[in-house]
Number of protein chains: 2
Amino acid sequence: MRISQLVEESGVPLATVKYYLREGLLPPGTATTATQADYSEQHLHRLRVIRALTGAAGLPVQRARAVLALIDAPDGDLFESLGRAVAALPPYAGVDPDGDYPRARAVIERLGQLFDPQYAAVAQLEHALKAAEDAGLPISDERIEAYGRHLHAIAEFDLGQMPSAAAASDAAAGSAAIEYAVLGTALYEPVILAMRRLAHQDVAAGILEGGHD
Amino acid sequence: MRISQLVEESGVPLATVKYYLREGLLPPGTATTATQADYSEQHLHRLRVIRALTGAAGLPVQRARAVLALIDAPDGDLFESLGRAVAALPPYAGVDPDGDYPRARAVIERLGQLFDPQYAAVAQLEHALKAAEDAGLPISDERIEAYGRHLHAIAEFDLGQMPSAAAASDAAAGSAAIEYAVLGTALYEPVILAMRRLAHQDVAAGILEGGHD
DNA sequence: CTCTTTGGATAGTTTAACTATCCAATCACG
DNA sequence: CGTGATTGGATAGTTAAACTATCCAAAGAG
C-alpha cells in the first residue's frame, strides 16, 4: 500500500507518519520508484504499536525507538532483553551499577523475592519509596506486605496468561515475546491504576454510606 | 525565614522557587518591607508537596496548581473535592458528561462495584481499556476479575490506613484529607507498579529456573 | 500531455518548564 | 551614616520534545 493508505487506515496524520519514518520508529517502505514506496500490513501494525507506546504508555519518541529496536532485534538472552525493554518504560530510573538501593532492598528481601540491583524495577522502586518518604508519607512494613502479597498474585496471573508462543525460546519468537511483554506492561498498568482508584471510591462509599448523599 | 533559606532547605533552585511563586503554586510570603518577605514552615512543606506532585507524580505545573487549590480550599462536599483532586492526577481523562463508557461500565458492573460516570477514574479506565484493545491486547474477563479482586483488597487496606484526622469531617481537616489522598495516590502508584514489575521477574525467574543462567 | 498526487527533505511552530538578567530597595556592618 | 552585598520581583531568554507546514521534483492517471 502507499503511504496515503497507511495514513488513512491508521488515522495518524501524514506529517506525523513522515516524522516517525524520519526518526526511525517506522521502517521505510520498499521503494518502487525513486519517489514512491510500498508499505505492508507490518507497517500498519508497527504504527499501532508506536501509537500505543507514545500515546497510552506515554513514552517519549526517543524511548519508543529504543523499545522498538529491542523488539526488532532481541539479542540472545531473552530474559535480559525483556528486562531492558521493560526498563525503557516510564517511570525512567537509570540503574546505577554501584547503587545499593537500601529501601528497595529491604522491601524485596522482606517479601522474600529475588533481589538483583541490575533490574531497573529495583531503581524504580527505590525512587518511588524515596519520593514518598521525602514528601512525608513513608510506606509502612504492613503496607509493603499487603501490596506485595496482592501484586505477586497479580503477577502470577499475568505470567500464566502469557501466550505460549511468547514463551517459546527460538529467536523468531523473541520479538513476539518482547512486544507482548512491553505492550502488556505499558497498557495494563493504566488499567490497574484506574481499577484501584475505582475500588477506593467503592470502599469509601461503603464507609461513608448515609454520611454522604 | 527569607527566601534564600527556603531555597537552601528545600534544595529547589531560587529561580524555580520564584517561578512557583509567579505561577501561584507557592503562596507569597508575608511582606516585611517593600522588597522583602518572610516565609514559614508551611512554605517549606508546600514546596515539598509541589516537588512531589511535579516530580514523582509527574504533574504539569498547571495541574499541580489546580490540585493545590483544592487542598487549600476544599468546598463543602469532601467526597466530591477528593474526587476532583484525584481526577487531576495523571493519566488525564476528561469526563464527558454524555459519555457512556461501555467498556468501563461492563468491567465495573462485572465486579459489582458502584458505577458513576462522573468519576474521572471511569473515563481513565475506559481509555486504558480502549488503548489496550486498539493495540491488539484486549483484556479478558478473567483478567478483570483477577485484577479486581486483588485491587479491591489493596484499596480496602489503603482506606483502613487512612489517618483518622483525615477522616474527620470538619472543614479544617478537609485540606489534610485531600492532601493525604492526593499524595497517597500519586506517590504510592509508582510503588505499586514497580512492585508488580519486580513480582513479574520473581515469577518469571521461578518458571525459567534452570533454563536461565 | 497535462494536471494532480506522492515521497522525501527542510524549516517552522507550539508548549512547557525552567533559567538568567536586571533593577531598585534594603540590610548588615563598621 | 555610608557602602557593598543581598533580596524581591519583573521580564526576557533558553531548551527540548513533538509535531506541522512548505517545498520540490518525479511519478501516475485520464
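This one's a predicted model, so the numbers in the text were calculated from it and none came from an experiment. Chain letters run A, B, ... following the sequence lines, proteins first and then strands; every chain starts at 1.
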Rounded to the nearest angstrom, tell me the gap between atom [atom1] in [X] and atom [atom2] in [N].
| X | N | atom1 | atom2 | answer |
| --- | --- | --- | --- | --- |
| Arg63(A) | dA18(D) | CZ | C1' | 16 Å |
| Arg65(B) | dA17(C) | CZ | P | 10 Å |
| Leu26(A) | dC19(D) | CG | P | 14 Å |
| Leu21(B) | dT19(C) | CG | C1' | 15 Å |
| Arg2(A) | dA27(D) | CZ | C1' | 11 Å |
| Glu23(B) | dT15(C) | CD | C1' | 13 Å |

Would you find a donor on one side and an acceptor on the other, under 3.5 Å apart, between the side chain of [X] and the backbone of [Y]?
| X | Y | answer |
| --- | --- | --- |
| Gln124(A) | Pro91(A) | yes |
| Asp38(B) | Met1(B) | yes |
| Tyr101(A) | Asp96(A) | yes |
| Glu126(A) | Arg103(A) | yes |
| Thr185(B) | Val86(B) | no |
| Ser10(A) | Leu44(A) | no |

Any chance CZ of Arg2(A) has more than 12 other-residue heavy atoms, nucleotides or ligands included, within less than 6.0 Å?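 At most 12 heavy atoms, drawn from other residues, nucleotides or ligands, come within 6.0 Å of this atom.
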So, for Leu82(A) and Ala177(A), which heavy atoms are closest and what is the spacing to 0.1 Å?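 It is CD2-O, 3.9 Å.
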Under-4.0 Å salt bridge between Asp202(A) and Arg196(A):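 The answer is no: the pair does not qualify as a salt bridge.
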Run the salt-bridge test on Arg105(B) and Asp116(B) with the 4.0 Å N-O cut-off and return the result as yes or no.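 So Arg105(B) does not pair with Asp116(B) through a salt bridge.
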Pair assignment for DNA chain C - dot-bracket with | for other-strand partners, Watson-Crick or G-U under 3.5 Å: ||||||||||||||||||||||||||||||
Restricting to nitrogen or oxygen on both sides, can you table the protein-nucleotides 14-16 of chain D pairs closer than 3.5 Å?
none

Test of understanding: with side-chain contact (heavy atoms from CB on, under 4.5 Å), list the residues that count as partners of Gln201(B), not counting sequence neighbours.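 Per chain and number, Gln201(B) pairs via side-chain contact (heavy atoms from CB on, under 4.5 Å) with Tyr119(A), Ala121(A), Leu198(B).
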Mind telling me whether Tyr147(A) and Phe157(B) have parallel, tilted or perpendicular rings, with 30° and 60° as the class edges?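 Rings of Phe157(B) and Tyr147(A): perpendicular, over 60°.
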Could you identify which residues of residues 4-19 of chain B place a heavy atom less than 4.0 Å from some atom of DNA chain C, listed by residue number, or say none?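 Going residue by residue through residues 4-19 of chain B, the ones with a heavy atom under 4.0 Å of DNA chain C turn out to be Ala15(B), Thr16(B), Tyr19(B).
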Please work out which residues in residues 37-61 of chain B have a non-hydrogen atom less than 4.0 Å from an atom of DNA chain C and list them by number.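 Result for residues 37-61 of chain B: Pro60(B), Val61(B), sorted by number.
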Out of dA16(C), dC18(C), dA27(D), which has the shortest distance to the side chain of Gln62(B)?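 Among dA16(C), dC18(C), dA27(D), the one nearest the side chain of Gln62(B) is dA16(C).
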Do Arg22(A) and dT20(D) have a side chain to base donor-acceptor pair shorter than 3.5 Å?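 When only heavy-atom distances are counted, Arg22(A) does reach the base of dT20(D) through a donor-acceptor pair under 3.5 Å.
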Could you list the donor-acceptor pairs under 3.5 angstrom formed between side-chain atoms of residues 14-29 of chain A and any protein atom two or more places apart in sequence or on another chain?
from     : atom 1 : to       : atom 2 : distance (Å)
Tyr20(A) : OH     : Arg51(A) : NH1    : 2.8

